[in-house]
2 protein chains.
Amino acid sequence: MTTENATLSTVNHPSVEAAHDAISDGLERDALVTVFGRCTVDYEGRAASRLEAGDRHVMLKPDGATLVHTDEGQQPVNWQPPGCDHDVRRVRADGADVLVLESLRSTPEERLLVRFTDVLQVSAFSGTDESDLSLSGTEADLRTRILDEPDLLEPGFSPLATERDTPAGAVDVYGEDAAGRTVVVELKRRRVGPDAVSQLRRYVDAVERDLHADAAVRGVLVAPSVTDRADRLLAEHGLEFVSLEPDPG
Amino acid sequence: MTTENATLSTVNHPSVEAAHDAISDGLERDALVTVFGRCTVDYEGRAASRLEAGDRHVMLKPDGATLVHTDEGQQPVNWQPPGCDHDVRRVRADGADVLVLESLRSTPEERLLVRFTDVLQVSAFSGTDESDLSLSGTEADLRTRILDEPDLLEPGFSPLATERDTPAGAVDVYGEDAAGRTVVVELKRRRVGPDAVSQLRRYVDAVERDLHADAAVRGVLVAPSVTDRADRLLAEHGLEFVSLEPDPG
DNA sequence: CAATTCATCTCGTCG
DNA sequence: CGACGAGGTGAATTG
């Protein structure tokens, strides 16, 4: 039995002053702070953006992340990555009180400014979350599947190494076929396009140079399926394809 | 002057029944609904995942998106894309009332289940947001910069087409150099690695086949900078690099 | 719908 | 800190 110790402080339709104090308190307590209201958003850093006034949901995380969400889309319309310093201020502009949220970071230098003219709610949540996500169906699961049963790739295949380093990067699975030829395997958990073929090609080229032998190195792309263009590219480059997916488990 | 018509309904420390009703009302009104409390999360679809009990922030958007956020990270720990049907139910489990949120979609078939044992707050926000994000510093801005001033690429360069189709995909900028040689340009808004070099290579190969001529086609990568490995790859493939970034404007 | 590619991609891992 | 590649990538655009 767990002791429930999550806490909430919240205020509805606050004045700019009350909103400022609630946010400031939340940040100080390392809470997850949310603000909903009418705001403009300016970003400057790796790129630059401006968003005119609208009603949005802003989340300030204790790790420094900021998210600005509209009522549409999975992605925030504006954001700042973890590692920022959050700041909240009251500013007098055009004869009205404005609430300003600033999230600032360096490397790269970038800044997000959210200016609220109306705030409907400020909430500050504290809680505990010790759990890590357990995920299956990843590329690692596909690799495990092949290592457990190498014949899934082809009869007689012998894996020799995973993540084998080459001048072009790490090869997912490196092994030998029944005839003793070197095989480079690139894994993808989902249907692949031309980019994956190019990636495999780079690895095969690198391994061929590494072995500085004339012995041809086989390249095998393992994925649930390939697009037409990728299939043509595979043929052009003398590469192979094996259809396989991560375990549903 | 805009009429402020954003609305909020919210309830703190609700019973499971009260939480259910508040969420149900919010979904019906196409509001942006948030729930904070202790929950487990299960996902099954393109992959599968489980997250044990913890305190998290869940957002249900009227477009069907679902986001589950912990107090860390820019990305949600679990989610569902827009286009889902949201459902909320009360379930009796282990002698306790549990609040269940389900977000379901097809193509692909996938489902997210969030089970709350404790709810600290439910809020439902409605508002208006007509504004689109105005963003600068994108790859499109870099293209504009080169089209406006082709000499930035090199003296005498003449752009002939953008997004020119080839069997390998669309070439960012297609043109001729001062000597009349065909030039394929690949643009990247930021520092590039080996993948961008491979991409350019595919396009150059495709254009050479397309022209089925022996006339060598030049490939130029335009980006702020390249990594070591990418630089080596460029040299191996006889490709060129020009350092340029999108306008800071 | 599928295919392709960009992204302020984010995130983890490794040197 | 940078480099590299995976991701349930998402999002836009185009057949």
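Applying the salt bridge (charged side-chain N to carboxylate O under 4.0 Å, His left out) definition to pairs two or more places apart or across chains, those involving residues 232-243 of chain A are Arg218(A)-Glu240(A), Glu236(A)-Arg209(B).
Rounded to whole angstrom, the span from the CG atom of Leu67(A) across to the C1' atom of dC11(C) amounts to 15 Å. What separates CG of Leu142(B) from P of dT5(C) is a distance of 18 Å, to the nearest Å. For Asp228(A) and dT4(C), the CG to P distance is 8 Å, given to the nearest whole Å. Distance CG (Leu200(B)) to C1' (dT5(C)): 15 Å, rounded to an integer number of Å. The nearest whole Å value for the distance from the CZ atom in Arg191(B) to the P atom in dC9(C) is 14 Å. Following rounding to the nearest Å, Leu233(B) (CG) and dA3(D) (P) show an atom-to-atom distance of 15 Å.
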Can Val207(A) and Tyr174(A) be said to form a side chain to side chain contact (heavy atoms under 4.5 Å, CB included), step by step? CA-CA 10 Å; Val207(A) 170; Tyr174(A) 179 90; 4.0 Å; yes
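One finds no salt bridge joining Asp71(A) and Lys61(B) here, because no Lys/Arg side-chain nitrogen approaches an Asp/Glu carboxylate oxygen to under 4.0 Å.
In this structure, the side chains of Pro159(B) and Arg143(B) stay at 4.5 Å or more apart for every pair of heavy atoms. Asp172(B) has its side chain within reach of Glu139(B): a pair of non-hydrogen atoms, C-beta onward, lies under 4.5 Å apart.
Distance noted for atom P between dA11(D) and dC11(C): 15 Å (whole Å).
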Under a 4.0 Å heavy-atom criterion, the protein footprint on nucleotides 5-15 of chain D, written with B, S and -, is SSSBBSS----
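In this structure Phe125(A) satisfies the ring pair (Phe, Tyr, Trp, His ring centres under 6.0 Å) test together with Phe36(B), His57(B), sequence neighbours excluded.
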